[in-house]
Amino acid sequence: MLSRGFHDEFNEYISKCEKISDENALILIEKIQKYTGGKTTKNQNYYSLFIDLLSYGIVVHHGSMPLEARLLVEEFTRKGFCKICFATSTLEQGINMPFDIVFIDRLESSDPLGVKNLIGRAGRSSVDPNFDYGSIVIRTSAMSRFRQLMTTPITLKSTSMLDVEHIDDIDLNEIKQELNEGTYDDSFNLPQSKLEILSDDESNQIIRQLLDYLFVNQKFISSNTITNGDRWSKLVSLFDSFYAHYVKRELSQGERGVLHTAIRILVWRVEAKTFKNMCQLRYQYVSRAKERALYKRRNVENRLEAKFTARYQEIPNKNCHSLPLVDRGILARDVDYDTIIYDTYDYLDKFIGFKLSDILYAAFYKYFLQNGDDRALTAANYIKYGTNDNQEIWLLKYGVMFEDITILKPHITSINQNELIVNQTFYQLPEDKRRAVERFVN
C-alpha cells in the first residue's frame with residue numbers, strides 16, 4: 001500500500017494541478033466514487049483523498065486498490081487525464097499506463113525484469129502519428145542500484161514448478177503432488193488431503209454448531225445480530241476452532257484477529273453485497289459513526305477513539321502478530337476512508353476470495369451432502385458467492401459484479417451453464433452495462 005507521505009513530499013507539484021473539467025474524465029471519476037463510496041468533501045464521513053486527488057488529475061496506483069477502481073484509473077491515464085501518478089512497484093507489471101516522464105524514487109525490492117517494465121512506461125503518451133519518447137529521472141541515491149539491475153542478465157526458468165522435486169512451501173508442495181497424480185479436486189479448488197480434514201468428524205461437529213449460530217428461524221443472521229454480544233463471541237470462537245483444526249495447530253493472536261475481521265466482512269458481504277456498502281459499513285464500525293453523531297450534539301465527540309480492527313496480513317502464519325488497521329489512540333473522526341477501502345479489498349481478494357471462501361464452501365457443502373441440512377447449502381452459497389439466489393449466482397459465474405447485478409437481473413429471462421436469455425428491455429440498457437454479458441446472450 002502507498003504511504004500518504006508522498007502528498008507532503010511532492011506538495012509543490014500537486015498544488016500546481018488545477019481541477020479537471022473534462023466531461024469524460026468526470027464520468028470516470030464518478031464511476032470510481034459509485035464503486036468505492038468515497039466522497040471529496042473534507043472533514044466529512046467517507047472522505048477519500050484518492051478520489052479528491054483524482055479530480056485534479058493526480059493518480060494513485062498500487063496493488064491494494066480494488067480491481068474495478070484500478071481499471072478505471074488506468075483508463076483515466078490512457079485517455080490523457082493524468083498529470084501526475086504516484087505508484088508502487090505495481091507499475092513494474094507492464095500495465096498499459098504511458099507517461100512522458102517516469103521518476104524512480106527507490107529500487108530496494110525491484111528485480112531486473114520489473115525495472116525494464118517500469119522504464120517502458122515512459123513514452124507512448126502521444127496520440128499523434130509521430131516518433132514518441134519519454135524520459136527517465138532517477139534519484140541520485142538510486143543510481144548504483146539502477147545500473148546493477150540494468151546490467152543483470154534476465155533468464156527464464158526452463159523447469160515448471162510441477163516438475164521440481166520438492167518445494168519448501170508445504171501447501172504448494174502438496175498441491176503440486178496431487179496435480180501430478182491427478183487427485184487434486186478442481187470443483188472445490190483444494191487437494192484431497194484438505195477435503196478429508198474438512199469432512200471429518202471434528203469438522204462436522206463444528207459445522208453443526210456454526211449453523212445453529214449462523215441461522216435464526218432458518219434465516220441467515222443479520223450483521224446487527226452477529227457482530228455484537230455473546231452470539232458474536234461464541235461464533236468467532238467456533239471459527240477459531242474450525243480454522244485451527246484445518247491448519248492442525250493452535251492459532252496465533254494475529255491469525256485470530258485476521259480471521260475474526262474476515263468473518264465480519266463475510267457477513268457484511270452477504271448483507272450488503274456491493275464493495276461500496278461493505279467499505280461504508282466497515283468505516284461506520286471503525287469510526288463509530290453513529291456514536292459520533294450522537295456525541296456531537298453533546299460536544300464530546302473528540303473523546304471517542306477508533307475501534308480496533310485487524311489489519312490484513314497473510315495467514316496461515318504462526319508468527320503473525322496482532323496489528324491494528326488504525327493506530328491505537330487515533331480519534332474515531334480521523335479514521336482514513338481510503339485505508340478502509342484498500343484493507344477491505346486486501347481481505348476480499350487475498351484471503352476471503354483466494355483462500356477462506358474455498359475452505360468454508362467445501363466444509364459446508366460436504367456437510368450438506370452428508371447430512372442433508374439445507375442450511376449448510378445456503379451457508380455455502382452465501383460464503384462463496386455472497387448470495388443464495390440462483391440467478392445471481394449464475395451472473396457472478398458469468399463474471400458480473402454485484403454492482404451491476406441489480407441493474408441486469410430484471411432484464412434476464414433465464415440463465416444457466418448453457419445459455420443466457422434476455423428480454424427486449426435488455427437492449428435499452430446503457431452500453432457499458434450490457435457489455436458485461438452481451439457476448440453470452442443467445
Side-chain angles (χ1 to χ4, degrees), residues 1-20 22 24-25 28-29 32 48-157 338 342 345-346:
M1 193 182 298
L2 193 66
S3 166
R4 276 202 173 191
F6 75 86
H7 189 270
D8 296 328
E9 186 176 355
F10 294 94
N11 188 56
E12 177 185 352
Y13 303 97
I14 292 173
S15 62
K16 295 181 185 297
C17 297
E18 296 181 357
K19 205 151 192 175
I20 286 179
D22 188 288
N24 293 316
L28 291 172
I29 295 171
I32 294 173
S48 168
L49 177 63
F50 154 56
I51 298 174
D52 197 5
L53 288 175
L54 203 59
S55 66
Y56 290 88
I58 301 165
V59 166
V60 175
H61 192 283
H62 53 83
S64 292
M65 284 181 62
L67 178 60
E68 181 68 11
R70 207 181 316 165
L71 294 173
L72 289 168
V73 160
E74 290 165 12
E75 183 181 354
F76 181 89
T77 302
R78 287 194 299 272
K79 288 184 175 179
F81 302 127
C82 174
K83 300 167 186 174
I84 304 174
C85 175
F86 295 97
T88 59
S89 58
T90 53
L91 278 190
E92 294 181 359
Q93 298 170 8
I95 295 165
N96 185 18
M97 289 174 64
F99 302 101
D100 293 328
I101 299 173
V102 171
F103 170 62
I104 300 177
D105 188 33
R106 54 181 67 92
L107 293 165
E108 290 90 342
S109 60
S110 299
D111 60 72
L113 183 59
V115 170
K116 290 176 181 179
N117 273 331
L118 178 61
I119 64 177
R121 301 308 100 222
R124 302 179 295 110
S125 59
S126 172
V127 295
D128 299 324
N130 300 322
F131 177 71
D132 193 11
Y133 66 93
S135 302
I136 305 294
V137 179
I138 303 172
R139 195 182 287 276
T140 305
S141 59
M143 284 296 295
S144 177
R145 174 67 173 156
F146 179 73
R147 290 192 191 97
Q148 178 188 355
L149 290 167
M150 291 300 293
T151 55
T152 301
I154 299 172
T155 57
L156 298 178
K157 292 181 180 179
D338 285 340
Y342 304 145
Y345 182 73
D346 278 343

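Fair warning: this is a prediction, and the values are worked out from it, not measured in the lab. Sequence positions, counted from 1, serve as the residue numbers for this chain. Scope of the values below: all heavy atoms of this structure, side chains included, with no hydrogens, waters or symmetry mates.
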Asks: Could you list the residues that satisfy side-chain hydrogen bond (donor to acceptor under 3.5 Å, both in side chains) with E74, not counting sequence neighbours?
Replies: H61
Asks: Hey, does M65 have a side-chain heavy atom less than 4.5 Å from the side chain of Y345?
Replies: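 Not touching, per the 4.5 Å side-chain cut-off.
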Asks: Applying side-chain hydrogen bond (donor to acceptor under 3.5 Å, both in side chains), name anything that partners E75, two or more places apart in sequence or on another chain.
Replies: K79
Asks: Any heavy-atom pair between the side chains of D338 and S48 that's under 4.5 Å?
Replies: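 Of all side-chain heavy-atom pairs linking D338 with S48, at least one is under 4.5 Å.
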Asks: Check side chain to side chain contact (heavy atoms under 4.5 Å, CB included) between R139 and all other residues, then give those that pass, not counting sequence neighbours.
Replies: E9, F10, F103, D105, S141
Asks: Name all residues meeting the ring-ring contact (aromatic ring centres under 6.0 Å, His included) criterion together with F50; count only those two or more places apart in sequence or in a different chain, and write none if there are none.
Replies: none
Asks: Kindly determine whether Y13 and I84 satisfy side-chain contact (heavy atoms from CB on, under 4.5 Å), including the steps that lead there.
Replies: CA-CA 9 Å; Y13 303 97; I84 304 174; 4.0 Å; yes
Asks: Using 0.5 Å steps for rounding, measure from the CZ atom of R147 to the CE atom of M143.
Replies: 4.0 Å
Asks: Nearest 0.5 Å, please: how far is OH in Y56 from CD1 in I29?
Replies: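 Between I29 CD1 and Y56 OH, I get 11.0 Å after rounding to 0.5 Å.
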Asks: Tell me the closest heavy-atom pair linking I32 and A69, and the distance in Å.
Replies: CD1-O, 4.3 Å
Asks: Just verifying a value: how many Å separate R145 CZ and I138 CD1, rounded to the nearest 0.5 Å?
Replies: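 Between R145 CZ and I138 CD1, I get 12.5 Å after rounding to 0.5 Å.
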Asks: What verdict does the side-chain contact (heavy atoms from CB on, under 4.5 Å) test give for F99 and T77, after you've listed the backbone C-alpha separation in whole Å, the side-chain angles of each residue and the deciding distance to 0.1 Å?
Replies: CA-CA 9 Å; F99 302 101; T77 302; 3.6 Å; yes
Asks: Please confirm whether the ring centroid of F86 lies under 6.0 Å from the ring centroid of H62.
Replies: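 No, too far apart.
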Asks: Do you know which two heavy atoms are closest between R70 and G63, and how far apart they sit?
Replies: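 Smallest interatomic distance, heavy atoms only, reads NH2-O, 3.4 Å.
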Asks: According to side chain to side chain contact (heavy atoms under 4.5 Å, CB included), who are the partners of I101, at least two apart in sequence or on a separate chain?
Replies: S135, V137
Asks: For F81, give me all partners under ring-ring contact (aromatic ring centres under 6.0 Å, His included), at least two apart in sequence or on another chain.
Replies: F76
Asks: Among I20, L54, L72, which residue satisfies the side chain to side chain contact (heavy atoms under 4.5 Å, CB included) criterion with L28?
Replies: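 Testing each of I20, L54, L72 against L28, the sole residue satisfying side chain to side chain contact (heavy atoms under 4.5 Å, CB included) is L72.
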